[in-house]
Amino acid sequence: MKVLIADDHPLVRDALARTVRELDPAAQVEQAGDFEMLLHLALDDSAAPTDLALLDLNMPGMDGTAGLRRLREELPTLPVVVASGQDDAATIRAVLAVGAAGFISKSERPEVLLSALRLVLAGGVYVPARSLDAPTAPTPASAAALLTPRQRDVLLALSRGQPNKLIARELGLTEGTVKIHIAAILRALQARNRTEAVVRARALGLDAPVAGA
């Protein structure tokens, strides 16, 4: 696994690198101190492709979500997780709206970062609970945007009342991965449990196969 870490503070980069290596001791970690270096490393055709980018929102040259938007345009399939000290709900939602696969506050514990990275690498989107503290309920578009096709498959199985073991067998996943996907579904639908998630999914019209899937 190759991970690109971009932050203008070397100590922060080193701390993030240590956390990544807890996830995969053999991980190849490259570091950048500003947006231009990040872009150079990410677009380097001579190097192995990057599996994940973990970056700060406010490093030099980033210009907030403008830099993130450019990175997503250049590398649309690269999962990007933002790690930032600017962690208000509006910022988190803006980052996710641009296409980030997750947001993690720099004040969070390393275990939270590990869980977030596992979810993203499994194809999910990590949404901090604080970003869901909005007075409005999720809309079909906003909820669907936070769910991957695989998570929609899991949601459909939940709507049929299937247990995790059966979902894992039918979708060719481990039970652990199913649990990760269910956690992402609960966050996207602002649900406290799987029953509530199914009820909200039905109300939003999300308990149906993805078109073309």
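Treat the numbers as computed from the prediction; the structure is a model and nothing was measured.
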For a side chain to side chain contact (heavy atoms under 4.5 Å, CB included) check, start with the C-alpha distance between Arg150 and Leu171, then their side-chain angles and the critical distance, and finish with the verdict. CA-CA 9 Å; Arg150 180 56 81 193; Leu171 298 180; 3.4 Å; yes

Tell me whether [Y] is reachable from [X] by hopping between hydrophobic residues (I, L, V, M, F, W, Y) whose side-chain heavy atoms are closer than 4.5 Å.
X: Phe35; Y: Leu75; answer: yes
X: Leu39; Y: Leu78; answer: yes
X: Leu4; Y: Leu43; answer: yes

Does a side chain donor of either Arg194 or Asn164 reach within less than 3.5 Å of an acceptor in the other side chain?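 Yes, a side-chain donor-acceptor pair sits under 3.5 Å.
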
Please examine the side chains of [Y] and [X], heavy atoms only from C-beta on, and report whether any two atoms are closer than 4.5 Å.
X: Met37; Y: His40; result: yes
X: Val81; Y: Phe103; result: no
X: Leu121; Y: Pro79; result: no
X: Leu55; Y: Leu71; result: yes
X: Leu41; Y: Glu30; result: yes

For [X] versus [Y], what's the shortest heavy-atom pair and its separation?
X: Asp34; Y: Pro60; result: CB-O, 3.4 Å
X: Arg187; Y: Tyr126; result: NH2-CD1, 3.8 Å
X: Arg13; Y: Gly33; result: NH1-CA, 3.6 Å
X: Ala184; Y: Gln151; result: CB-NE2, 3.6 Å
X: Ala197; Y: Leu189; result: O-CD1, 3.4 Å
X: Met62; Y: Leu57; result: CG-O, 3.1 Å

From [X] atom [atom1] to [Y] atom [atom2], the distance as rounded to the nearest 0.5 Å:
X: Leu113; Y: Leu16; atom1: CG; atom2: CG; answer: 6.5 Å
X: Leu68; Y: Asp56; atom1: CG; atom2: CG; answer: 11.5 Å
X: Leu114; Y: Ile104; atom1: CG; atom2: CD1; answer: 9.5 Å
X: His181; Y: Leu147; atom1: NE2; atom2: CG; answer: 10.5 Å
X: Arg152; Y: Leu158; atom1: CZ; atom2: CG; answer: 12.5 Å
X: Met1; Y: Gln28; atom1: CE; atom2: CD; answer: 10.5 Å

Give a yes or no on whether the backbone of [Y] and the side-chain of [X] come within a donor-acceptor separation of less than 3.5 Å.
X: Arg72; Y: Gly99; answer: yes
X: Asp51; Y: Lys2; answer: yes
X: Asp88; Y: Thr91; answer: yes
X: Glu170; Y: Ile167; answer: no
X: Arg202; Y: Ser159; answer: yes
X: Ser105; Y: Ser107; answer: yes

Criterion side chain to side chain contact (heavy atoms under 4.5 Å, CB included) on Ile5 and Val3, from CA distance to verdict: CA-CA 6 Å; Ile5 296 175; Val3 178; 4.2 Å; yes

Apply salt bridge (charged side-chain N to carboxylate O under 4.0 Å, His left out) to Asp7 and Lys106, showing your working. CA-CA 11 Å; Asp7 193 289; Lys106 287 183 178 179; 2.7 Å; yes

Whether Arg118 and Asp24 form a salt bridge (side-chain N of Lys/Arg under 4.0 Å from carboxylate O of Asp/Glu) is what I want to check.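 The answer is no: the pair does not qualify as a salt bridge.
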
Presence of salt bridge, Arg200 and Glu196, under 4.0 angstrom: yes

Passes side chain to side chain contact (heavy atoms under 4.5 Å, CB included), Val82 versus Leu96? Steps please. CA-CA 9 Å; Val82 171; Leu96 295 173; over 6 Å; no

Apply side chain to side chain contact (heavy atoms under 4.5 Å, CB included) to Leu52 and Val120, showing your working. CA-CA 9 Å; Leu52 177 72; Val120 171; 3.8 Å; yes

